[in-house]
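Because the structure is predicted, anything quoted here is derived from the model rather than measured.
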Amino acid sequence: MQNAPIVIMTAAMLTACSQQSTYQTVSGETMGTSYHIRFDYADHLSDTASIQAAIDERLQAINDSMSTYQENSTISRFNRLPAKTDLVIDDDFIQVLTDSQTVYQLSHRAFDPTVYPLVQLWGFGGQMSIERLQSPPTEDDIAKAKQWVGLDKVTLNEQKLSKSIDGVGLDFSAIAKGYAVDVIANTLHHDYGVVNYMIEIGGEVATLGVNDKGDPWTLGIDAPIIDSGVKNRTVLTTLTQPIGEPMHLATSGGYRNSIEYDGVRFSHTINPVTGWPVANNAPSVTVLHDTVALADAWATALTALPYTEALALANAQGLMAMFVIENPTKTGFDIVQTDAMQQKFAK
């Protein structure tokens with residue numbers, strides 16, 4: 001996890017869109033990234049603008065609640081709050097905190113939003129620096145910051161949130177975008193009756209129904225090539241939504257923001273247990289789950305662990321996960337799927 005919006009592989013819609021008038025496209029900016037939505041709304045085409053307005057309103061509310069870049073957001077106010085002082089939080093915040101607590105416990109603390117003090121200590125922000133790895137914080141500095149890390153130091157009593165000691169802070173950057181996708185999906189489906197959609201925010205994706213060719217949505221997963229980006233990506237594999245089911249997907253990977261130092265490649269994700277940037281993890285992890293928020297959190301947790309530990313944890317938890325790892329020959333990548341993932345997409 002990190003202070004800036006996480007940098008992950010973008011899941012691209014591979015199936016070409018035809019010009020059927022019933023399918024609409026809206027896009028915009030949010031959470032330091034962009035969103036893209038394709039949906040079927042045949043009955044009320046004139047309401048597309050109002051749909052986007054409703055989407056933007058909900059996204060703004062989530063930003064106002066959970067953006068560490070907004071000084072007066074709920075999360076920023078909590079991070080400044082003294083110990084044993086209550087702060088009333090909104091329903092969005094409560095849901096994200098509840099999901100975070102679930103993954104925190106099941107991942108054995110590999111996912112921990114209270115990593116915020118460590119992120120601040122390392123000072124990576126949105127980008128890493130070789131200078132910081134050359135002159136890292138001292139072990140004493142890291143040990144001190146780790147005293148403030150641990151989601152058990154945060155208490156929720158109905159709608160009142162507090163911390164047990166001064167210095168504890170939260171950072172939801174590794175789950176908030178996934179949650180926002182879930183919120184948009186709920187807005188489209190329940191408020192407007194949309195049954196065919198593809199929603200993407202910064203690489204976190206939800207799909208339902210079919211695309212405008214009548215086929216299940218197909219998403220592309222990028223090869224984790226160092227220094228690749230949106231304009232020079234290489235699609236490594238695809239995932240097609242199971243017929244008749246929704247698909248909630250998140251991909252996490254540090255390859256677009258990583259540095260090699262002393263022969264070891266470091267990600268900008270901070271391991272909340274060790275207090276150091278993650279090294280020797282899988283370059284890319286994709287997770288499918290019941291919600292995009294949970295997929296987002298689990299993808300981050302698995303990225304924060306060494307690959308072998310992450311694969312073992314994913315299988316132990318019955319997660320649908322796909323790891324992209326470097327081929328031992330260094331000539332390409334291998335794809336390793338958990339048992340649950342193989343069963344889900346077995347032909």
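Checking side-chain atoms of Asp182 against main-chain N and O of Thr291 turns up no donor-acceptor pair under 3.5 Å. Without hydrogens or angle criteria, Lys153 side chain to Val149 main chain gives a donor-acceptor distance under 3.5 Å. With His248 contributing its side chain and Leu288 its backbone, the two residues share no donor-acceptor pair below 3.5 Å. Using modelled atom types, no side-chain atom of Gln24 and backbone atom of Asp40 make a donor-acceptor pair closer than 3.5 Å. His189 places a side-chain N or O within 3.5 Å of a backbone atom of Val194 that can act as its donor or acceptor partner. At distances below 3.5 Å, not a single donor-acceptor pair connects side-chain atoms of Arg80 with backbone N or O atoms of Ile75. A donor-acceptor pair is defined here as one N or O able to donate and one able to accept, closer than 3.5 Å; such a pair exists between the side chain of Ser73 and the backbone of Ser67. With hydrogens and angles ignored, the 3.5 Å screen pairs no side-chain donor or acceptor of Asn327 with any backbone N or O of Gly332. Counting only distance, with no hydrogens or angles, the side chain of Thr85 and the backbone of Leu81 share no donor-acceptor pair below 3.5 Å. At distances below 3.5 Å, at least one donor-acceptor pair connects side-chain atoms of Thr102 with backbone N or O atoms of Thr98.
Counting all heavy atoms, side chain and backbone alike, Gly169 lies closest to Asn79 at CA-OD1, 3.1 Å. When all heavy atoms of Ala83 and Asp166 are compared, the pair lying nearest together is N-OD1, 2.7 Å. Minimum interatomic distance between Ala297 and Phe111 (heavy atoms only, all atoms of both residues): O-CD1, 3.5 Å. When all heavy atoms of Ala250 and Ala299 are compared, the closest pair comes out as O-CB, 4.0 Å. Annotation for Phe333 and Val324: closest pair CB-CG1, 3.8 Å, computed over non-hydrogen atoms.
Side-chain contact of Thr138 with Asp140: a donor-acceptor pair under 3.5 Å is absent, judged by distance alone. Side-chain contact check for Thr300 and Thr303: no donor-acceptor pair (N or O, by modelled atom type) lies under 3.5 Å. Side-chain contact check for Tyr35 and Asp56: at least one donor-acceptor pair (N or O, by modelled atom type) lies under 3.5 Å. In summary, the side chains of Glu71 and Ser76 do not present any donor paired with an acceptor at a separation below 3.5 Å, with no hydrogens or angles considered. Between the side chains of Thr240 and Thr218, at least one donor N or O sits under 3.5 Å from an acceptor N or O. Side-chain polar atoms of Gln343 and Asp339 form no donor-acceptor pair below 3.5 angstrom.
Under the 4.5 Å side-chain contact rule for hydrophobic residues, Ile142 and Val273 do not share a cluster. Linking Ile, Leu, Val, Met, Phe, Trp and Tyr residues whenever their side-chain heavy atoms come within less than 4.5 Å places Leu87 and Leu151 in a single cluster. Taken together through direct or relayed side-chain contacts under 4.5 Å among Ile, Leu, Val, Met, Phe, Trp and Tyr, Leu294 and Ile94 form part of one hydrophobic cluster. The hydrophobic cluster containing Leu319 also contains Ile325, counting ILVMFWY residues as joined when their side-chain heavy atoms lie under 4.5 angstrom apart, directly or transitively. Criterion: ILVMFWY side-chain heavy atoms under 4.5 Å apart, direct or through other members. Under it, Leu188 and Val195 are not part of a common hydrophobic cluster.
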Might you work through the side chain to side chain donor-acceptor pair (under 3.5 Å) test for Thr207 and Gln241, ending with a clear yes or no?
CA-CA 7 Å; Thr207 66; Gln241 173 191 301; 2.4 Å; yes
Show your reasoning for whether side-chain contact (heavy atoms from CB on, under 4.5 Å) applies to Val103 and Leu106.
CA-CA 5 Å; Val103 181; Leu106 294 178; 5.9 Å; no
Derivation of the side chain to side chain donor-acceptor pair (under 3.5 Å) call for Gln159 and Asp90:
CA-CA 7 Å; Gln159 284 195 294; Asp90 55 83; over 6 Å; no
Criterion side chain to side chain donor-acceptor pair (under 3.5 Å) on Gln95 and Asp99, from CA distance to verdict
CA-CA 6 Å; Gln95 184 60 57; Asp99 286 342; 3.1 Å; yes
Test Ile335 against Leu236 for side-chain contact (heavy atoms from CB on, under 4.5 Å), laying out the working first.
CA-CA 9 Å; Ile335 296 174; Leu236 181 66; 4.0 Å; yes
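Expressed to the nearest 0.5 Å, how far CD of Gln60 lies from OG1 of Thr30 amounts to 7.5 Å. To the nearest 0.5 Å, atom OG1 of residue Thr74 and atom CD1 of residue Ile62 are 12.0 Å apart. Note that the NZ atom of Lys163 and the CD1 atom of Ile165 stand 9.5 Å from one another [nearest 0.5 Å]. Taking OG of Ser65 as the start and CD1 of Ile89 as the end, the distance is 7.5 Å to the nearest 0.5 Å. Annotation: the span from Glu245 atom CD to Leu208 atom CG amounts to 10.5 Å, rounded to 0.5 Å. Expressed to the nearest 0.5 Å, how far OG1 of Thr338 lies from CE of Met322 amounts to 10.0 Å.
Counting heavy atoms of neighbouring residues, nucleotides and ligands inside a 6.0 Å radius, atom NZ of Lys144 does not exceed 12 of them.
Ion pairing between Glu200 and Lys177 fails under the 4.0 Å rule for side-chain N and carboxylate O.
Side-chain rings of Phe172 and Phe93 approach one another, their centers coming within less than 6.0 Å. The distance between the ring centers of Tyr23 and Phe39 does not fall below 6.0 angstrom.
Judged as a salt bridge (charged side-chain N to carboxylate O under 4.0 Å, His left out), the pairs with a partner in residues 57-70 (not counting sequence neighbours) are, in order, Arg58-Asp92.
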